[in-house]
Amino acid sequence: MKVGIGILGGGTVGGALLQYLINEQAAIVAKTGLELEVRRVAVRSLSKTRAFPIPVEIITDRPEQLIDDPSIDLVVELMGGLEPAGDLVMRALQAGKPVVTANKELVAARGAELIQRAEEKGVSLLFEAAVGGGIPIIRPLSESLAGERITRVLGIVNGTTNYILTRMSEDDLGFDEAVEEAQALGYAEADPTADVSGADAAAKTAILASLAFGTWVSVDAVYREGIESIEPIDLRFAATLGYIPKLLAIGVETPTGVSARVHPALVPLDHPLASVRGANNAVFIEGPQVGQLLFMGPGAGGGPTATAVLGDIIDAARELLAHAQVAPRIRFAPGRLRDFGEIETKWYVRLEVADAPGVLALVAGTFGEFGVSIKSVWQEGRGEDATLLLITHDALEANQRAAVAALRSLDVVTEVAATIRVQSDEP
Ligand SMILES: NC(=O)c1ccc[n+]([C@@H]2O[C@H](COP(=O)([O-])OP(=O)(O)OC[C@H]3O[C@@H](n4cnc5c(N)ncnc54)[C@H](OP(=O)(O)O)[C@@H]3O)[C@@H](O)[C@H]2O)c1
């Protein structure tokens with residue numbers, strides 16, 4: 001049975017998908033019974049040299065042609081960005097065509113609206129590749145685990161920053177050097193801001209938290225810190241203390257509401273996420289019935305991402321051929337979003353202090369005033385160069401911040417040189 005496919009975008013993922021659909025067509029038919037025929041691919045430049053050339057009879061620089069073409073049953077959006085991708089996806093859904101997209105930015109920003117339009121039109125909007133590249137995570141969350149009351153999502157969802165942090169901590173590279181290397185290997189964009197600022201991870205966290213908790217979490221509600229201010233000296237201290245830095249995506253549901261955040265954290269070396277190296281991704285899903293599940297694998301790259309896109313295409317094609325009225329996968333109910341200050345966190349704090357008697361008691365007393373207790377403390381060096389490293393117990397984020405602000409006003413504290421959150425030992 002033939003299904004006409006239109007692909008918006010023929011870049012890293014679009015190119016890999018097209019190549020696979022053309023070269024492996026017989027194998028796909030044998031395995032699924034579906035003949036997926038690419039009828040048009042829209043790109044910006046018709047003259048660009050491509051790793052896998054797009055046949056002239058299907059290439060176009062007019063993406064709207066795909067929407068209007070009656071021979072195209074299903075639209076795959078692999079252009080990226082909010083516009084014109086958003087408008088094209090909306091128009092395809094409006095025209096009653098199922099849409100498959102890998103665009104986390106678009107899904108995080110307009111997912112609720114797009115899903116609603118898809119439901120109204122009785123077609124699917126599928127976005128497995130938007131989070132975790134080749135790792136199946138959206139479908140398990142929205143189908144296999146749809147009945148579970150998921151309480152926590154914890155993971156590494158940005159391969160670029162994971163690569164940079166791995167190189168910085170294992171091979172002593174500086175931040176700029178590690179970014180340049182990631183760019184040379186194709187892991188980081190020419191402008192790496194979306195990755196290093198945590199924006200890409202925040203979009204993925206918004207999607208994961210929304211599906212996990214059934215409450216739409218907009219990307220603006222995700223607390224976000226990037227990895228730009230992580231200094232090599234803290235990575236060396238962290239290694240001595242038995243930790244490695246990771247950019248973590250964390251979503252939690254408690255009786256008082258849902259929270260979602262992205263920030264660097266020191267992870268104990270024996271934590272399962274500590275061994276997720278280089279450009280890999282890993283996500284823990286936790287629920288009272290199922291316990292803990294770990295999804296791990298390549299979080300990006302043309303091949304892995306195209307595999308996830310293809311899975312969605314096959315799913316949507318089956319629904320089309322069955323003339324199935326697509327049931328909503330997850331319904332989103334209103335829920336309370338917790339303020340970041342209400343979250344409990346542990347902190348690593350590096351202080352430059354005067355090497356005078358009573359400094360430690362003064363520092364501990366200041367934390368204590370805000371209800372923060374200290375788990376462990378180390379002193380490095382003596383005299384003018386004394387450095388104090390502290391790890392606190394769990395306390396309200398707002399209190400940790402207030403305590404650190406109060407430390408700044410102590411005469412004996414020359415500088416609060418660094419603060420990094422610390423992930424608990426257990427996954
Ligand atoms: N790359 C990955 O590893 C990965 C992983 C997971 C998800 N994703 C997501 O997948 C999507 C595609 O990523 P990618 O890496 O494949 O991007 P890409 O290599 O930059 O490719 C984008 C494609 O879209 C075309 N395009 C862009 N704007 C257009 C416009 N206005 N009109 C017509 N065509 C336009 C480009 O045309 P030209 O070729 O002519 O420039 C190009 O073919 C993004 O949403 C991304 O976030 C990517």
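Both ligands and their constituent atoms are indexed starting at 1 by order of listing.
- The shortest side-chain heavy-atom distance between Ile420 and Pro245 does not fall under the 4.5 Å cut-off.
- Of the residues listed (Asp61, Asp68, Asp69, Asp73), the one engaging Arg40 in a salt bridge (charged side-chain N to carboxylate O under 4.0 Å, His left out) is Asp69, and it is the only one.
- Remark: the backbone N or O of Ile138 is paired with a side-chain donor or acceptor of Glu128 at under 3.5 angstrom.
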Under 3.5 Å: N or O atoms of ligand 1 paired with protein N or O:
from, atom 1, to, atom 2, distance (Å)
ligand 1, 3 (O), Gly301, N, 2.6
ligand 1, 16 (O), Thr12, N, 3.1
ligand 1, 16 (O), Val13, N, 2.8
ligand 1, 19 (O), Thr12, N, 2.9
ligand 1, 19 (O), Thr12, OG1, 3.1
ligand 1, 34 (N), Arg44, N, 3.2
ligand 1, 37 (O), Arg44, N, 3.0
ligand 1, 39 (O), Lys48, NZ, 3.2
ligand 1, 39 (O), Arg50, NH1, 2.7
ligand 1, 39 (O), Arg50, NH2, 3.3
ligand 1, 40 (O), Arg44, N, 3.0
ligand 1, 40 (O), Ser45, N, 2.7
ligand 1, 40 (O), Arg50, NH2, 3.0
ligand 1, 41 (O), Lys48, NZ, 2.8
ligand 1, 43 (O), Gly10, N, 2.8
ligand 1, 43 (O), Gly11, N, 3.0
ligand 1, 47 (O), Lys104, NZ, 3.1

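- A ring-ring contact (aromatic ring centres under 6.0 Å, His included) check over residues 146-173, counting only residues at least two apart or in different chains, returns the pairs Tyr163-Tyr187.
- By the 4.0 Å N-to-carboxylate-O rule, Arg167 lies too far from Glu177 to be salt-bridged with it.
- Under the 3.5 Å distance criterion, with hydrogens and angles disregarded, no donor-acceptor pair is assigned to the side chains of Glu352 and Thr414.
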